[in-house]
> 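Sharing a structure here in C-alpha cells format.
One-based numbering, in listed order, for ligands and for the atoms of each.
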Amino acid sequence: MAEKKKSSLKRKLAIAGLGVVGLLACAFGGIHFVAASKIAETVTVEVADLEIPEGSKAVKRGEYLVDHLLGCKECHGEDLGGKVIMDNGAMGLWYGPNLTAGKGSELVDYTGKDWARALRHGVGRDGRRLLLMPSEDYVTFSDDDIGAVIAYVRSLPPVDRANQDISLGPVAKGLIASGEVQFAYDKINHQARRPEAKPGPTKEWGAVLIGTCTGCHGTGRSGGKIPGGDPSWPEAANISMDKATGLGDWTFEQFDTAMREGKGPDGATVRAPMPWQAYKGMSEDDMKALWAYLQAAPAKAKGGR
Ligand code: HEC
Ligand code: HEC
C-alpha cells in the first residue's frame with residue numbers, strides 16, 4: 001500500500017514535473033519571441049550631418065578620446081578590428097564588430113551621417129537599434145570631438161577580420177524581453193541640446209566627460225548592478241559624494257589614484273570592468289573636470305543608479 005502510494009506520488013510528481021518543463025518551455029519560447037521581435041524592430045531617426053575632419057590634429061584628438069575616455073577598444077578590440085566581448089551560457093555571445101576599413105567590416109563606405117547615427121543615436125544604417133553599443137555615453141560630446149573619433153578610427157590600418165554574429169543567451173533574452181536591459185536608442189533624448197563647454201578643469205567640461213561613466217555608474221552616479229553586464233562583474237561603485245557609501249570623504253589625490261592606478265584609499269584593487277588602465281593616460285585637466293563635476297552634483301545613497 002505504502003509502496004503503491006509512493007509510486008503514484010512519484011508519477012504525479014513526474015507529471016507535474018513535465019508540466020513545469022512544458023510551462024518553462026512556453027515561457028522561454030515567449031521570451032525568445034519578445035526579445036527577437038524587439039531586436040528586429042527598426043526605427044527612423046533624424047540625423048544631422050557630421051563633417052569628418054582631416055589632418056593630424058583631429059586624428060590625435062580622436063586617439064586621445066578613444067584610448068583614454070570612450071572605451072571603444074574594450075569592445076571593438078585593440079586594433080578596432082572586432083572582438084568577442086562576452087561568451088557565456090547565460091548571456092550568449094556578444095561581438096563588437098570591425099570598425100576599420102578591412103575585409104569583413106561593414107563600415108567601409110560609412111558616411112559622417114552613418115557614423116553619427118550609430119555613435120549619437122544608437123541606430124545602425126539598417127535602422128536596427130544597436131545592442132550593447134553605449135551610444136548614450138557619447139551624446140554630450142561635440143561635433144568636433146565625435147568627428148575626431150571617426151577621423152582617428154579611419155586613420156587606422158584596415159584589419160581583415162570577419163564579424164561574428166551576436167547570439168543571445170537565455171538570460172540576455174529575458175533581460176531584453178522584460179525591458180531591464182534597454183537599447184541605447186531608447187535611453188537617448190534625441191532632441192537634447194549638447195552642452196557647449198570648452199575643455200578645461202571645470203565642472204562644465206566635467207558634465208560632458210561624465211557621460212562616459214554613467215553607462216556603468218548610472219545617471220545618478222550611485223552605482224549598483226550594471227544592466228546587461230557579465231554576471232561575473234562586481235557592482236559599479238557609488239561615485240557620488242555620499243559620505244557613507246560614495247566618495248564623500250575622498251580627496252582629489254585619492255580619486256586620481258583610483259582612476260589611474262586602480263587602487264582605492266584602503267588599498268583595495270578597483271576591479272574590471274572599471275577601465276582604469278585606459279584612464280591612466282587621461283589629461284590632468286580632464287581628471288580635475290570630472291572631480292569638479294562630481295563634487296558639485298547631488299550625493300546619493302548607493303544603488304539607486
Ligand atoms: C560596451 C561595448 C562597446 C563599446 C564601449 C563601444 N561599442 Fe561600438 N558596438 C558594440 C557592439 C556590441 C556593437 C554591435 C551592435 C549590434 O550590432 O547590435 C557595436 C556597433 C558599433 C558600430 C556599428 C554600427 C552599425 O551601423 O552597424 C559602430 C560604428 C561602433 N560600434 C563604433 C564605436 C566607437 C567609435 C566606440 C567608441 C567611441 C564604440 N563603438 C564603443 C559595443 C561597444
Ligand atoms: C565599464 C564599466 C565602467 C565604466 C565605463 C566606469 N566605471 Fe568606474 N567602476 C566600475 C566598477 C564595476 C567599479 C567597482 C570596482 C570594484 O568594486 O572593484 C568601479 C569603480 C570606480 C571607482 C572606485 C570607487 C571605490 O569606491 O573604490 C571610481 C572612483 C570610479 N569607478 C570612477 C569612474 C569614473 C569617473 C568613470 C568615467 C570616467 C568610470 N568610473 C567609468 C565600472 C565602470
> May I ask whether Glu74 places a heavy atom under 4.0 Å from ligand 1?
no
> Pair Leu93, Met86 - check side-chain contact (heavy atoms from CB on, under 4.5 Å), show working.
CA-CA 6 Å; Leu93 173 73; Met86 252 190 286; over 6 Å; no
> What pairs of residues pass the salt bridge (Lys or Arg N to Asp or Glu O under 4.0 Å) test when at least one of them lies in residues 272-286, not counting sequence neighbours?
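Output for this query lists Arg260-Glu284.
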> I'd like to check which ligand 1 atoms, numbered from 1 as shown, lie under 4.0 Å from a non-hydrogen atom of Trp115.
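Listed by number with element: 29 (C).
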> Can you name the residues that form a side chain to side chain donor-acceptor pair (under 3.5 Å) with Trp276, not counting sequence neighbours?
none
> Thr212 heavy atoms, cut-off 4.0 Å: which ligand 2 atoms fall inside?
5 (C), 38 (C)
> Relative to the heavy atoms of Leu70, which atoms of ligand 1 are at a distance of less than 4.0 Å?
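In order of number, 38 (C).
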> Could you please spell out the steps behind the salt bridge (charged side-chain N to carboxylate O under 4.0 Å, His left out) verdict for Arg129 and Asp186?
CA-CA 9 Å; Arg129 293 170 297 176; Asp186 295 316; 2.7 Å; yes
> Using heavy atoms and a 4.0 Å limit, tell me yes or no: is Arg128 in contact with ligand 1?
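Arg128 counts as a contact of ligand 1 under the 4.0 Å cut-off.
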> Using a plain distance cutoff, I'd like to know if Ile85 has any nitrogen or oxygen under 3.5 Å from a nitrogen or oxygen of ligand 1.
no
> Could you check whether any side-chain heavy atom of Leu168 comes within less than 4.5 Å of a side-chain heavy atom of His32, counting everything from C-beta outward?
no
> Assess whether atom NZ of Lys203 is packed by more than 12 heavy atoms of other residues, nucleotides or ligands within 6.0 Å.
no
> Asn238 and Ser222: side-chain donor and acceptor closer than 3.5 Å?
no
> Could you tell me, atom by atom, which parts of ligand 1 come under 4.0 Å of a heavy atom of Leu119?
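Going through ligand 1 atom by atom, the ones under 4.0 Å from Leu119 are 32 (C), 33 (C), 34 (C), 35 (C).
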> Looking only at protein heavy atoms, identify the closest one to atom 14 (C) of ligand 2 and say how far it is in Å.
Glu235 O, 3.5 Å
> May I ask you to determine how many protein N/O/S atoms are under 2.8 Å from atom 8 (Fe) of ligand 2?
2
> Side chains of Asn98 and Thr100: donor-acceptor distance under 3.5 Å anywhere?
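There is such a pair between these side chains.
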> Quick one: look at Asp126 and ligand 1, take heavy-atom pairs under 4.0 Å, and tell me if it's side chain, backbone, both or neither.
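Contact part for Asp126 vs ligand 1: neither.
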> Atoms of ligand 2 less than 4.0 Å from Met259 heavy atoms?
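Within the 4.0 Å cut-off of Met259, ligand 2 contributes 32 (C), 33 (C), 34 (C), 35 (C), 38 (C).
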> Which atoms of ligand 2 are found less than 4.0 Å from any heavy atom of Thr269?
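This gives 18 (O) as the contact atoms.
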> Between Glu235 and Lys225, is the salt bridge (charged side-chain N to carboxylate O under 4.0 Å, His left out) condition met? List the steps.
CA-CA 5 Å; Glu235 289 191 349; Lys225 189 168 171 282; over 6 Å; no
> Can you check which of Phe183, Phe141, Tyr138 brings a heavy atom nearest to atom 41 (C) of ligand 1?
Tyr138
> Looking only at distances, please establish whether an N/O atom of ligand 1 is found under 3.5 Å from an N/O atom of Tyr110.
yes
> Do any heavy atoms of Gly264 fall under 4.0 Å from ligand 2?
no
> Which bit of Leu107 is near ligand 1, meaning a heavy atom under 4.0 Å away: side chain, backbone, both or neither?
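Within the 4.0 Å criterion, Leu107 contacts ligand 1 through side-chain atoms alone.
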> What's within reach of atom 8 (Fe) of ligand 1, meaning protein N/O/S atoms under 2.8 Å?
His76 NE2, Met133 SD
> Which atoms of ligand 1 are found less than 4.0 Å from any heavy atom of Arg125?
26 (O)
> What residue and heavy atom of the protein are closest to atom 5 (C) of ligand 1, and at what distance?
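Answer for atom 5 (C) of ligand 1: Gly71 O, 3.3 Å.
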> Please tell me if the side chains of Asn163 and Pro97 come closer than 4.5 Å, counting only heavy atoms from C-beta onward.
yes
> Does either side chain, that of Asp242 or that of Ser240, offer a donor lying less than 3.5 Å from an acceptor on the other one?
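Result is no, nothing qualifies.
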> Does Ser105 reach the main-chain N or O of Leu107 with its side chain, forming a donor-acceptor pair under 3.5 Å?
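Such a contact is found between Ser105 side chain and Leu107 backbone.
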> Would you say that more than 12 heavy atoms from the other residues, nucleotides or ligands in this model lie under 6.0 Å from the CG of Asp165, or not?
no
> Does the side chain of Met91 reach to within under 4.5 Å of the side chain of Leu175, using non-hydrogen atoms?
yes
> For Arg120 and Asp143: C-alpha separation, side-chain torsions, deciding distance, then whether salt bridge (charged side-chain N to carboxylate O under 4.0 Å, His left out) applies.
CA-CA 10 Å; Arg120 293 183 146 169; Asp143 285 3; 2.8 Å; yes
> Just heavy atoms, cut-off under 4.0 Å: does Tyr279 contact ligand 2 by side chain, backbone, both, or neither?
side chain
> Please name the residue in the list Leu130, Asp114, Val43, Val47 that meets the side chain to side chain contact (heavy atoms under 4.5 Å, CB included) test with Val123.
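That would be Val43.
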> Which of the listed options, His68, Arg271, Gln254, holds the heavy atom that is closest to atom 18 (O) of ligand 2?
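Going through His68, Arg271, Gln254 one by one, Arg271 has the nearest heavy atom to atom 18 (O) of ligand 2.
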> Considering only non-hydrogen protein atoms, determine which one is nearest to atom 15 (C) of ligand 1 and report residue, atom name and distance to 0.1 Å.
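Sorting protein heavy atoms by distance from atom 15 (C) of ligand 1 puts Leu131 O, 3.3 Å first.
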> Any atoms of ligand 2 less than 4.0 Å from a non-hydrogen atom of Trp250? List them with their elements.
24 (C), 25 (C), 26 (O), 27 (O)
> Using a 4.0 Å heavy-atom threshold (strictly under), name the region of Asp137 that reaches ligand 2: side chain, backbone, both or neither.
neither
> Is the shortest side-chain heavy-atom distance between Tyr110 and Arg154 below 4.5 Å?
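No, every pair of side-chain atoms sits at 4.5 Å or beyond.
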> In plain terms, say whether Arg161 and Asp79 are close enough for a salt bridge, that is, a side-chain N and a carboxylate O under 4.0 Å apart.
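Yes, this pair counts.
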> For a salt bridge (charged side-chain N to carboxylate O under 4.0 Å, His left out) check, start with the C-alpha distance between Asp144 and Lys57, then their side-chain angles and the critical distance, and finish with the verdict.
CA-CA 11 Å; Asp144 285 352; Lys57 208 170 149 218; over 6 Å; no
> Taking the six-membered ring for Trp and the single ring otherwise, decide whether the centroids of Trp291 and Phe255 are under 6.0 Å apart.
yes
> Answer yes or no: are there more than 12 heavy-atom neighbours, outside Glu51 itself, under 6.0 Å from its atom CD?
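Count not over threshold, so no.
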> Are any of the heavy atoms in Trp94 under 4.0 Å away from ligand 1?
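The answer is no: ligand 1 sits nowhere under 4.0 Å from a heavy atom of Trp94.
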